[in-house]
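Report on one structure; see the data block that follows.
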Amino acid sequence: MILYGYKNFLNADAYRADTVGELARLYRLVSQLEGYHAAVAELPKLRARLSEADAQLRQLQAAPVPADKKGQESHKKSLKQRSSEQAGLREEIGSLERKIAGVEGDAALATLARQHPRIAEEARLETSRLHAGDPTNTALWREFMPACQAALDRMYDRLGIHFDLTLGESYYQPGLASVVASLKERGLAVESDGAICVFIAGVEAPFIVQKRDGAFTYATTDLATIADRVDRLQADVVLYVVDARQADHFKLLFATARQWGYTGVDLRHVSFGTILGDDRRPFKTRSGDTVGLESLIDEAVVRARQIVDGNETQKANGPELDDAARAGIAEAVGIGGIKYADLSQNRETDYVFSWDKMLALTGDTATYMQYAYARVCGIFRRGQIDRAELRRNGGRVVLEHPAERGLALQLARFHEVLDAVIFDYRPNLLTDYLFALSNLFSTFFEQCPVLKAESSELRVSRLLLADLTAQTIHRGLHLLGIETIEKM
RNA sequence: GCCCCCGUAGCUCAGUUGGAUAGAGCAACGGAUUUCUAAUCCGUCGGUCGCGUGUUCGAAUCACGCCGGGGGUACCA
């Protein structure tokens, strides 16, 4: 789509000024025009289905209600089904009409749509040309990639995400033809309606490894990836952290891979729920109308900064933190909050996107744990305690106060939680644990003076508990990719 | 049509392989700060775990049925 957009709709100035932004615009534009034509083609069919559904519904309503109970129930049921079908069709039609109006209501867009009636096929053709090694498209792709990669790297960098090894789709491209050939050779892939497909017993949908126009698909790349990871990297587990809606794809992929001979590798779809908008409809990342990650992060950091500044002005002895320190705290708190919001929900549950949830700084949030950690650091700083020395001196932990006991029990459970997290790839178990731990620490902090403990033995014991708490929070948050801060 | 997921407090969600009076956060309300950071703590209010039947000593959890909501389903990448 981007290739087609570049060749037909490029704004050269915008491309020079903001390459990625312009490419994104082109993608959205082509996607919109494609959607327009698809909607125009689809609309009459849907309208026909709707009038059919209307007629059926009227017929049902006019029909006499059966005398027997069973008949009544089935009558009621089909009535309900019909009207729900009718409502569904109306909704779909409305959505298509809006799509069409969006283009036709804009003179420039309407003209473009008229000039590019076969945009969908032609855009696809650009992809298959690229796959076939077309020099122009390959050169363009080489031109686009660095800018896009740089934009991604900036985000990953800000989020503290690092990769051991990155291989894009292009890495596998040279091997795709032989994947298809190998599947054919084994009798796994057959031609169907001009496409090369693998059919898996019990699944109606085909697994298309090569389209009618010759282009390969994600299915082909995914198979080539499995082969590479097993043959070259000797992977024994491969995890796919992908939206639950791709479940069918992975079912077919894994089944095909096994039949292809890759039986010794554990292939797992670690699926996660769909992110829904306020209307409870899925966010569609490709349509480009979602909340951008960057603006989400910026907003989170701004809000965190407001709290930091507010706290600083309220301090009895005047502000302690300079601008750089405050900025660092705001970044850690803002980004940590977003990561935590995402990781603290059961990954399989769909969730409604909410700014408030993403940006909350009180209650069950990353901030809560970061704050508990900073409070421990405050104790050591205030008491001028050398933590390494404390650990070396080997004092005893005594548990007399209920708050001490509760905290210690929770600390001892850390390893169990990590086992459970790894077992089924459920980070929310770790967030639950850390929240409970931090909560127990806060209670302990309120009720058990550490530096001013009644005896030196008790003081050492409580210092050890505080130290362990900080270490555990630090490790736990670190595993979630969330930073800790010494002062907040 | 076929396949998959969900329904737990006003809201957002936990609830590990079935195990004790079903838990949090937010919201609401009431308290706590001369003492290590109040981004905090303590408390109150709030639930027929969608409905029914079954399996079990025991079900939010398992089975079946029903009601309600959502998603996927041949050439998009």
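Predicted model only: the values in this text are computed from it and were never measured. Labels below follow one simple rule: chain letters A, B, ... track the order of the sequence lines, proteins then strands, and each chain is numbered from 1.
- Paired with A/Y240 under the rule ring-ring contact (aromatic ring centres under 6.0 Å, His included), one option of A/F254, A/Y425, A/F272 passes, and it is A/F254.
- Nucleotide B/U16 has no partner under the Watson-Crick or G-U criteria, as no pair reaches both atom distances under 3.5 Å.
- One finds no side-chain N or O of A/R245 lying less than 4.0 angstrom from the OP1 or OP2 phosphate oxygen of B/G70.
- Here A/C377 lies out of heavy-atom contact (under 4.0 Å) with every strand.
- As judged by a 4.0 angstrom heavy-atom cut-off over every strand, A/E320 is placed among residues making no nucleic acid contact.
- Contact annotation for A/F435: backbone-only contact, meaning every heavy-atom pair under 4.0 Å involves sugar-phosphate atoms and none involves a base.
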Determine whether A/F207 and A/L223 satisfy the following criterion, side chain to side chain contact (heavy atoms under 4.5 Å, CB included), listing intermediate values before the conclusion. CA-CA 11 Å; A/F207 195 52; A/L223 286 167; 3.9 Å; yes
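- Pairing for B/C11 is with B/G25, a Watson-Crick or G-U wobble pair whose two hydrogen-bonding atom distances lie under 3.5 Å.
- Close to B/A77, at under 4.0 Å from its OP1 or OP2, lies no side-chain N or O of A/T217.
- Counting any heavy atom pair closer than 4.0 Å across all strands shown, A/K251 reaches no nucleic acid atom.
- Checking B/C2 for Watson-Crick or G-U wobble geometry (two distances, each under 3.5 Å) identifies B/G72 as its partner.
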The test is side-chain hydrogen bond (donor to acceptor under 3.5 Å, both in side chains); show your working for A/N137 and A/H131 and say whether it passes. CA-CA 9 Å; A/N137 285 5; A/H131 285 184; over 6 Å; no
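- Among the heavy atoms of the strands lying under 4.0 Å from A/S192 is at least one base atom, whether or not backbone atoms are also near.
- At a threshold of 4.0 angstrom between heavy atoms, the contacts of A/V308 include nucleobase atoms, whether or not backbone atoms are also involved.
- Of the P atoms belonging to B/A38 and B/C42, the separation is 13 Å, rounded to the nearest Å.
- Contacts of A/D432 with the nucleic acid, taken as non-hydrogen atoms under 4.0 Å apart, involve only primed sugar atoms and P, OP1 or OP2.
- OP1 or OP2 of B/A77 has at least one side-chain nitrogen or oxygen of A/K211 nearer than 4.0 Å.
- Across all strands shown, A/A247 has no heavy atoms under 4.0 Å from either base or sugar-phosphate atoms.
- Taking side-chain N and O atoms only, A/T365 has no distance below 4.0 Å to OP1 or OP2 of B/A39.
- Contact annotation: A/N428 does not reach the phosphate of B/A14 (side-chain N/O to OP1 or OP2, under 4.0 Å).
- Ring-centre distance between A/H401 and A/F444: not below the 6.0 Å cut-off.
- Neither OP1 nor OP2 of B/C5 sits under 4.0 Å from any side-chain N or O of A/T274.
- Nucleic acid contact class of A/N311 (heavy atoms, under 4.0 Å, all strands): base.
- Contacts of A/R212 with the nucleic acid, taken as non-hydrogen atoms under 4.0 Å apart, include base atoms.
- Applying the Watson-Crick and G-U wobble criteria (two distances, each under 3.5 Å), B/C66 pairs with B/G50.
- For B/C45, there is no paired nucleotide, since no Watson-Crick or G-U wobble pair has both relevant distances below 3.5 Å.
- The partner of B/A32 is B/U40, by the rule that a Watson-Crick or G-U pair needs both atom distances under 3.5 Å.
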